[in-house]
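Input: a single structure, listed below in structure tokens.
Residue numbers begin at 1 in each chain, while the letters A, B, ... track the order of the sequences.
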Amino acid sequence: MMALFVGFGLVVGILFGFFGMGGSFLVTPALLMLGYDASVAVGSGMAFVFGTAVIATLKHHDLGQVDYKLGVIMIVGTTIGIEVGRASVYYLEELGLAGGVISVAYVVLLGGIGLMVTREALKGDGGSGIDHEAADKDLSEYEIPEVAKKIQRTVRIPPMVTLRGDIRVSAWVITAVAFSTGLLSGFLGVGGGFIRMPAMIYAIGVPVPVAVGTDLFEIVFSGGIGSYLYGQGGGVDLAIVAPLLFGSALGARIGSAATAIVDSDGIKIYFGGMLLAGAVAVGIGEVGSYLGNQLLETLGLVLVIGAAVVVAGAIVYTTVASLRATRSQRAPAAD
Amino acid sequence: MAGLEVPTWDPQTALLIGAILVEAFVLYVGYGGLEKLLGPRLMAFLVGGESSAE
């Protein structure tokens with residue numbers, strides 16, 4: 001069991017360090033499947049996400065990929081958004097519509113963002129995968145999506161904020177993005193990394209590695225407070241969290257370092273594929289629980305974990321391939 | 001995500017979360033040391049020469 005936790009932690013750590021998300025929707029269902037109580041599965045999952053976020057943030061900080069100014073504004077806006085999202089859920093519960101609306105919104109959102117991110121990445125110049133100069137790339141050299149450029153040009157309400165990568169954007173845009181993503185996060189009851197990450201890239205225009213690093217910084221706070229709240233109810237089991245963290249600490253280093261090697265389109269393709277697999281898996285799981293079919297519910301979970309293992313493997317493979325290609329390019333030049 | 005729910009002070013829980021935080025720091029520093037120690041050899045094995053993942 002210990003080895004299983006360490007191995008699973010390694011996979012989640014790679015995804016977490018690479019994407020700045022992917023912890024809660026992998027760990028909690030897996031713990032539930034292993035027979036842990038819901039409060040322990042959620043609480044320990046959250047405590048694990050908190051620990052992994054600390055490690056991944058430290059690594060991204062070393063790489064200069066955390067924008068603390070953006071992070072603080074995002075934390076404030078997101079927290080208010082979450083409360084409004086929660087209130088909407090209670091309102092829908094009173095109407096008896098909560099379960100259905102949330103499930104549909106979850107699948108549509110995961111699938112929609114997954115499709116958009118994958119399409120954009122495939123359209124990009126580096127869509128074929130590896131940019132051998134990515135490791136040496138300056139943050140200001142990252143291409144800003146057209147949508148973000150338009151928002152930056154149109155909305156110039158002061159105060160204006162300068163972010164890493166020389167991005168100048170209205171603080172109101174950041175607050176609006178933070179509030180909206182928090183609203184969705186509170187409404188769906190998820191950490192929300194998969195919503196915040198593309199929102200920071202496409203609405204604010206933050207370079208991809210900075211979006212990942214800043215999102216992780218935000219998760220340190222939300223995960224820390226969340227774990228504390230669950231810990232008070234006895235929901236955090238150190239026997240689960242410690243071995244998971246042992247694996248994820250290594251994985252997060254690998255994943256975080258890979259963001260500086262694999263190009264941003266490569267990151268987006270993996271991210272999109274992961275979300276699409278998640279959408280299909282959640283869809284299958286929901287159909288399973290609607291029909292009362294345990295097999296379909298298990299299939300949904302196996303699909304998510306399988307996709308996570310495949311994507312983590314692909315990240316490691318692409319990173320090593322990219323390093324090898326860079327080395328073989330440099331070798332003739334040195335001759 | 002935690003929202004606006006205000007946590008009350010509980011030393012036992014604070015110790016538990018503190019232990020996770022300490023483990024995270026120890027693992028970060030420990031793996032960092034291992035990376036420095038074994039990194040070049042591992043990179044030589046994987047990439048076929050001196051290279052840095054940083």
Under a 4.5 Å heavy-atom cut-off, does chain B meet the side chain of [X], its backbone, both or neither?
| X | result |
| --- | --- |
| A/Ala252 | neither |
| A/Phe50 | side chain |
| A/Val54 | side chain |

Identify, with sequence neighbours excluded, every residue that meets side chain to side chain donor-acceptor pair (under 3.5 Å) alongside A/Thr214.
->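 Per chain and number, A/Thr214 pairs via side chain to side chain donor-acceptor pair (under 3.5 Å) with no residue.
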Quick one: side chain to side chain donor-acceptor pair (under 3.5 Å) partners of B/Thr13, sequence neighbours excluded?
-> B/Asp10
Please state whether the rings of A/Tyr228 and B/Trp9 are parallel, tilted or perpendicular, taking 30° and 60° as the class boundaries.
->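 Taking B/Trp9 first and then A/Tyr228, their aromatic rings lie parallel (interplane angle under 30°).
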Is A/Arg253 reaching over with its side chain to a backbone N or O of B/Tyr28, donor-acceptor style, under 3.5 angstrom?
->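 Yes, because the side chain of A/Arg253 sits within donor-acceptor range (under 3.5 Å) of the backbone of B/Tyr28.
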When you measure from the side chain of A/Ser322 to the backbone N and O of A/Thr318, does any donor-acceptor pair fall under 3.5 Å?
->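 Flag not set: sc A/Ser322 to bb A/Thr318 has no pair under 3.5 Å.
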Who among [options] has the most heavy-atom pairs with chain B under 4.5 Å?
| options | result |
| --- | --- |
| A/Gly81, A/Gly234, A/Ala47, A/Gly231 | A/Gly231 |
| A/Ile55, A/Thr319, A/Leu58 | A/Leu58 |
| A/Gly51, A/Ser227, A/Ala242 | A/Ala242 |

